[in-house]
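A quick write-up on the structure given underneath.
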Amino acid sequence: MIGAGTGPDDHSGAQVEQHTVLIISENPADSAVLSACLRRALPRRFALASNDNLERPLEALLNPDLDAVILAEGPESEYLLRLAQKHFVPAPIILLLDEVNEHTATRLREFGAQDYLLRGQLQDALVHRVLDYSIQLKQARLTIEQLSNRDSLTGALNRAGFRAHLERAAERSNRYNFTTALLYINIDRFANINDHYGESNGDALIQALARRLGNKLRNTDSLARLGGDEFAVVLEDVGSAADVELIVGKMLNSLSAPVLINDQQVSIDCSIGAALFPEDGADVSDLIEAARNAMQQAKSVQGSKYIRFSSQIQFDVTGSNTLAAELRTAVRKNQFELHYQPRVDLHTGLLVGLEALLRWNHPQRGLICPGEFIKECEDMGLMRTIGYQVIQHACHALNWLQDQGMEHVDVAVNVSFSQIQDERFVGVVKDILQRTDTDPNNLEFELTESTILKSPGAIKARMDELRLLGISFSLDDFGTGFSQLSHLTELPISALKIDSAFVRELPHNPQQVAVSSMIIEMAQRLGMKVIAEGAETYEQVSFLREQACHQVQGFYYSPAIPLQQLPRFVQEQRFKRRERIPS
């Protein structure tokens, strides 16, 4: 059995953390050389794992006490790597090779190898350094994954964590033949709360509602926050649709109780849609769509309402009085506009970039943030058209910046999967650049990891075409998904953006300190810019500056503002630098 092992203290008397290493090789000389090398490590921090149970390799690789594996290349090595990938083996795997070339290195990365060692170069210092680095990197990845599966405001699962949990629940439903229910919950007119009481009170309301929902759940159930005003609840092993309705009734009663905001009692209406697995959806995507469809039906009825999905009732996307009709009108009349959030160079204090953020200028409701309409746009297939309008607006903004003497300010545009996978995308972008006479070297496209993961090969080809035009790319929300470091070396990415979830509690949260510092150091070593999002306090900005983060954006400097307000922002920044006001 693989044991954790213990070792002596270091020379200072402090207890040294022991790392258990499994060596897998058919050649006894490999085990002898590596074992001796690990025993010579000072301080003594490596313990050798027993390889008695390698007849059951998966059991050996999944042992929770294991910290690293050194695997000699041989007839079974590719099989073991695939096995480890399939079952998400947490310990890093380091290949022992006779020689290496570019083809071999690429193939090993594809199979999930963390690093490699060469038999002719097994110097103690190198082996120890490779093991230390691989173990630390794997631990950092696990920390990122844990943080990225949780919503930082409520502690509930986020989208990534929710999807993973729902998939596991569906597997258990199939295995044990029970029913799982998915509830999709929307807080009606939540934007009005933010408008009237401010975002901090809006956040407090979200936290209160999350606690109320959590109090109604069993240990086997889970709560997720999918967006600003949307939650999801997974109810495992429910007896019938009537049982779900009983649970939802208790939730609605709890959610509808007034909440105290600024000494005022505020009542909230919620719309809840439900779908049952496997009855209402044969797979997870169908189930989510069914529950969301039911929620949209509930929203069409005034007041708090619960509706169970029915295939006979669909969300009306063609009616003349629905949100869908208003969105079609908005696209036709070009009612969408951009506000721009400044990106500031932390070394010079200068404005160096802008992120273009979409707003809907509704004729009756005024400016509406994308959280209220973007999902509907995606469902209706409008994002491509809107996306091209956004790129055109951004190009006009770049030309305006040139006229104002701000030649070195980049404009970043978020690009969705539905846009970049469009076969016409590169051609349309070329046409926009030519018609607007815009310098593409100041245009930046922001992609998320989830977008890239949907079709890595095709998106890389599209990115290479756009890079030839002069357009640069940044990886948005880095660390919030299932980060694959191969993206950073194989794709033409010039900047990493640290998600606001890892900035929110800096410098007081040690996990956020560790993750943000690691991302900054990694970007620097790869020659990339690193941009932190969501900075709101002087302490956050000071910490990021000390860590040599290149750029920052957030409310500390400015919210997203209309383009015409930028000259005033630039003047204020110039005044702060001249008067040495902290910024």
Side-chain angles (χ1 to χ4, degrees), residues 1-5 7 16-63 65-141 484-486 488-490 522 525-526:
M1 179 173 178
I2 300 173
V16 177
E17 183 180 1
Q18 294 293 294
H19 299 300
T20 304
V21 181
L22 174 65
I23 301 170
I24 303 176
S25 176
E26 295 181 352
N27 185 350
D30 290 337
S31 296
V33 171
L34 286 167
S35 298
C37 174
L38 297 185
R39 282 194 293 269
R40 288 192 293 267
L42 293 175
R44 296 183 181 179
R45 57 193 181 277
F46 300 116
L48 291 174
S50 167
N51 57 8
D52 295 340
N53 62 346
L54 287 181
E55 293 181 0
R56 301 184 299 278
L58 182 59
E59 182 179 332
L61 292 171
L62 286 174
N63 189 295
D65 293 328
L66 198 62
D67 295 303
V69 178
I70 300 177
L71 172 64
E73 186 177 32
E76 299 294 323
S77 56
E78 186 174 319
Y79 162 74
L80 289 175
L81 285 169
R82 291 185 182 277
L83 192 69
Q85 267 193 324
K86 180 179 179 181
H87 293 277
F88 303 103
V89 168
I93 298 179
I94 301 160
L95 267 293
L96 180 62
L97 310 172
D98 286 318
E99 59 181 4
V100 69
N101 54 44
E102 185 176 347
H103 171 71
T104 304
T106 300
R107 183 169 59 87
L108 294 177
R109 282 198 303 271
E110 290 175 352
F111 291 155
Q114 178 82 57
D115 210 332
Y116 64 86
L117 292 166
L118 298 179
R119 282 192 175 88
Q121 301 176 11
L122 293 179
Q123 297 92 346
D124 288 0
L126 175 63
V127 175
H128 302 161
R129 187 168 65 249
V130 167
L131 276 170
D132 286 336
Y133 177 75
S134 296
I135 292 169
Q136 290 169 11
L137 182 59
K138 195 75 175 185
Q139 290 172 343
R141 285 179 175 174
Q484 293 192 6
L485 300 185
S486 60
L488 306 184
T489 57
E490 296 171 3
M522 182 168 53
R525 292 192 177 193
L526 292 170

| query | Can you check whether Val69 reaches Val89 side chain to side chain, under 4.5 Å on heavy atoms? | reply | no
So CZ of Arg129 and CG of Leu126: to nearest 0.5 Å the spacing works out to 5.5 Å
Here the pair of heavy atoms bringing Lys138 nearest to Ala91 is CE-C, 4.2 Å
Output for pair (Leu131 CG, Cys37 SG), nearest 0.5 Å, gives 8.0 Å
One should read off an interatomic distance between Ile24 CD1 and Ile93 CD1, to the nearest 0.5 angstrom, of 7.5 Å
Sorted by chain and number, sequence neighbours left out, side chain to side chain contact (heavy atoms under 4.5 Å, CB included) with Ala41 holds for Arg45, Phe46, His128
Sorted by chain and number, sequence neighbours left out, side chain to side chain contact (heavy atoms under 4.5 Å, CB included) with Ala36 holds for Arg39, Arg40
- Task: Taking Gln18 for its side chain and Arg44 for its backbone only, find out whether a donor-acceptor pair lies under 3.5 Å.
- Result: yes
dist Leu22:CG -> Leu66:CG (nearest 0.5 Å) comes out at 5.5 Å
The side chain to side chain contact (heavy atoms under 4.5 Å, CB included) partners of Glu76 (sequence neighbours excluded) come to Tyr79
Check: Between Leu71 and Leu81, is a side-chain contact (heavy atoms from CB on, under 4.5 Å) present by the stated rule, with each step listed?
Finding: CA-CA 9 Å; Leu71 172 64; Leu81 285 169; 4.3 Å; yes
| said: Under a 3.5 Å distance rule, please check whether Asp67 uses its side chain to pair with a backbone N or O of Thr20 as donor and acceptor. | reply: yes
Hits for side chain to side chain contact (heavy atoms under 4.5 Å, CB included) against Val33, two or more places apart or cross-chain, chain-then-number order -> Leu122
Salt bridge (Lys or Arg N to Asp or Glu O under 4.0 Å) pairs touching residues 111-120, sequence neighbours excluded, are Asp30-Arg119, Asp98-Arg119
Rounding to 0.5 Å, atoms CZ (Arg82) and OG (Ser77) come to a distance of 11.0 Å
Has Gln123 got more than 12 heavy atoms of other residues, nucleotides or ligands less than 6.0 Å from its CD? yes
Review point. Okay, side chain of Ser35, backbone of Ala32: is any donor-acceptor separation there less than 3.5 Å?
Key: no
d(Leu96 CG, Leu118 CG) to nearest 0.5 Å is 8.0 Å
